[in-house]
Amino acid sequence: MSENKNDQLPLWEVFIQKSNGAPIKHAGSIHASDKEMALQNARDIYTRRNEGRLLWLVPSNAIVATVIEDEADFFDPADDKIYRHPSFYEVPDGVTNI
Amino acid sequence: MDTVENMSPELLAFEARLAKDEVIEPKDWMPADYAKTLLRQISQHAHSEVIGMQPEGNWVLRAPTFRAKKILLAKIQDEGGHGLYLYSAAETLGMDRSQMIDQLHEGKAKYSSIFNYPALNWADIGAIGWLVDGAAIVNQVSLQRTSFGPYARAMVRICMEESFHQRQGYEIMVRMMRGNEAQRQMAQDAMNRWWWPALMMFGPHDKDSAHTQQSMKWKIKRQSNDVLRQRFVDKTIPQAHFIGLNVPDPDLKYDEETKSYQIGEINWDEFNQVIRGNGFCNHARLSHHKKRIGKESGYVRLQLHTL
Amino acid sequence: MNNKENLYQFLLRCSDDNLIAGQRMAEWCSNGPILEEDLAMVNISLDLLGQSESFLDYAATLDTMGKNADDLAFGRSEREYFNHLLVEQPNGDFAVSMVKLLFFSAYQKELYTALMSSKDERIAAICAKAVKEARYHYRHASDWFERLALGTDESLRRLNDAIVELWPFTENFFEMDNAYQALQAENIVPEMADIRKKWLSNIQEVFRNGEVDLPGDVHMYSGGINGYHTEHLGHLLCEMQYLHHAHPGAQW
């Protein structure tokens, strides 16, 4: 949890699943002193309009992230691996269901 | 003045990204002034949402029906939520919410001057929703395309949620104008008091705006004060006329050619007075906020005991 | 009184509890000590107002004068309000409001759970929906109780002050008058002694978790459900009903 300066409670990231089976997506962040408060604050702030049926809360400082400087080295190498996509392959005319 | 020769490679790359309409994320390299401008603008926006809870909060206990009370509570609650989204967006630039609030209390950070006017009758709640939120929405829709990711994403969420705010305000005005004579008078009185301050919300004319040019260049701001103000004027005046409200502007003209309204001169002296802290409610709004986040309730904000 | 009047009386009581508690909670709107908690308290207020309206809508169907929910909420005086005394008590500081919510939500949670099997189907349906809200309010309030109790010297002191102030109003929830007993004979409402037992066991658990002692024997206040109130209610109504008094007959 982030350092508790003055009266600033730790920061948490909020993830919401819109409906059963859907991906769990980042919605924003909130401040809370503990897990239970984090869940309730996220519920009161991010689900007032039926935005979801499931909440995940993660302390913000537990998140590791790439930065823009990493972008080229991390992600460019995937650019030319076009054989990973089905459109790369030739299928004779008349063949279906493949 | 930066020229291409003396620009650092980082700055060149940054400007190139902006030119391609790329979105800047918190951990990306950005010029210090860009971060500073954003922090000023987003925290000011956040403070405005939170201070803006007060004039409406002033009426929430007197709302005249279950329906009106629930709507108003939900709306003020949204403002608080929007304050939270915006504080979070600003926090990604490295300043705590508590620090931003300190700056507000010390007078170093501002909030929208519109909230330094008092809400005096029930129609004011209509006028605030219709005119004040209406003006804010015009600005916020434009800001959904701002170049800083967390700010733009907060704006998208805010615009989605605010779509009911303006309508609820207009609905109150409609009901009052269809009511008895006293109600119609209240509605016109509210219109008279909120119209000009709402126009001032867009800020000084473009030629007098200190921050506009740089903010436009950085795509923090996407459209100028005057463009946005005109958009608001043109969509709002027909709504006023439709329910029989007079627009309190003797110099108002309609230009058939441009299909656009030309408003009279805005009283910038009043605007500057309010900005300088001499508005009717400046002191009251700040002391209310200081009391709310003050010593008496400080014990609630500590990390008391972790469940 | 016939049973229709008894039912009408009970619906007003349930509605008034929610309306007054909801109005008190709404006082926190734009005044919350933390922005997140401000939103939480407004959510609670909205739940309570919604419940109040549901009970009043039902009551309005029994009203002989053809009044609707708004007429009933904004047109009655202190002596015609039948809420319990606890909910009309002033908010005080945050600890007072949370202890008030704890006592009230624990009562509502148990009452609604029992009313879900009421012979009156409309009451059962209202309570099946409302019980989820009451359980959430109880969870919110009991968590805060624990944080305040096990927090700092100041938070514990304020919590204890709140308990001392509010405890004498708790027995009032379990009073049964003749109208109530008549409904109970019809299996429309539950035996209050059972609700009290469950309420107390909830409260004992929360106090135990917070390592706080239950207050000893003190004088318990009685009233509210008979229209006899503390002076606080009049001021609350005065504010809430202001526009109706200033502009009689106007439509809003």
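Numbered from 1 within each chain, the chains take letters A, B, ... in sequence-line order.
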Quiz item: Who among G249(C), G22(C), S155(C), A73(C) has the most heavy-atom pairs with chain B under 4.5 Å?
Solution: S155(C)
Quiz prompt | Pair Y87(B) + H47(B): ring centers closer than 6.0 Å | solution = yes
Practice problem: Would you mind checking which part of Q241(C) comes under 4.5 Å of any heavy atom in chain B, side chain (CB onward), backbone (N, CA, C, O), both or neither? | Solution: neither
Quiz item: Is it the side chain or the backbone of R178(B) that comes within 4.5 Å of chain C heavy atoms, both, or neither?
Solution: neither
Quiz item: Where on Q183(B) is there a heavy atom nearer than 4.5 Å to chain C: the side chain, the backbone, both, or neither?
Solution: side chain
Practice problem: Identify whether NZ of Lys or CZ of Arg in R13(C) sits under 6.0 Å from the centre of the six-membered ring of F82(C) and within 45° of that ring's axis. | Solution: no
Practice problem: Identify which part of E56(B) has an atom lying under 4.5 Å from any heavy atom of chain C, answering side chain, backbone, both or neither. | Solution: neither
Exercise. Rounded to the nearest 0.5 Å, what's the gap from CD on E171(B) to CH2 on W130(B)? Could you check?
Key: 14.0 Å
Quiz item: Which bit of H289(B) is near chain C, if near means a heavy-atom gap under 4.5 Å: side chain, backbone, both or neither?
Solution: neither
Quiz item: Given that the side chain runs from C-beta out, which part of L236(C) has a heavy atom under 4.5 Å from chain B: side chain, backbone, both or neither?
Solution: neither
Practice problem: Tell me, for E36(C) versus chain B, whether the close heavy atoms (under 4.5 Å) come from the side chain, the backbone, both or neither. | Solution: both
Quiz item: Of the backbone (N, CA, C, O) and the side chain (C-beta and beyond), which part of A68(B) lies under 4.5 Å from a heavy atom of chain C, both, or neither?
Solution: neither
Exercise. Determine whether more than 12 heavy atoms belonging to other residues, nucleotides or ligands lie under 6.0 Å from atom NZ of K290(B).
Key: yes
Self-check item: SB check K69(B) E53(C) (cutoff 4.0 Å)
Solution: no
Practice problem: Spell out, as yes or no, whether a donor-acceptor pair under 3.5 Å connects the side chain of D38(C) to the backbone of Q77(B). | Solution: no
Quiz item: Quick one: of A149(C), S30(C), C29(C), who has the most non-hydrogen atom pairs under 4.5 Å with chain B?
Solution: S30(C)
Quiz item: So, S52(C) side chain and L48(C) main chain: donor-acceptor pair closer than 3.5 Å or not?
Solution: no
Quiz prompt | chain C contact via L61(B) - side chain, backbone, both or neither, heavy atoms under 4.5 Å | solution = both
Quiz item: Can you tell which of M53(B), R292(B), M176(B) has the highest number of heavy-atom pairs within less than 4.5 Å of chain C?
Solution: R292(B)
Quiz item: Does any heavy atom of chain B fall under 4.5 Å from the side chain of Q23(C), the backbone, both, or neither of them?
Solution: both
Quiz prompt | Pairwise distance CD(Q140(B)) to NE2(H82(B)) - rounded to 0.5 angstrom | solution = 8.0 Å
Self-check item: Residue part contacting chain C, namely of A74(B), when any heavy atom lies under 4.5 Å
Solution: both
Self-check item: Structural part of N43(C) lying under 4.5 Å from a heavy atom of chain B
Solution: both
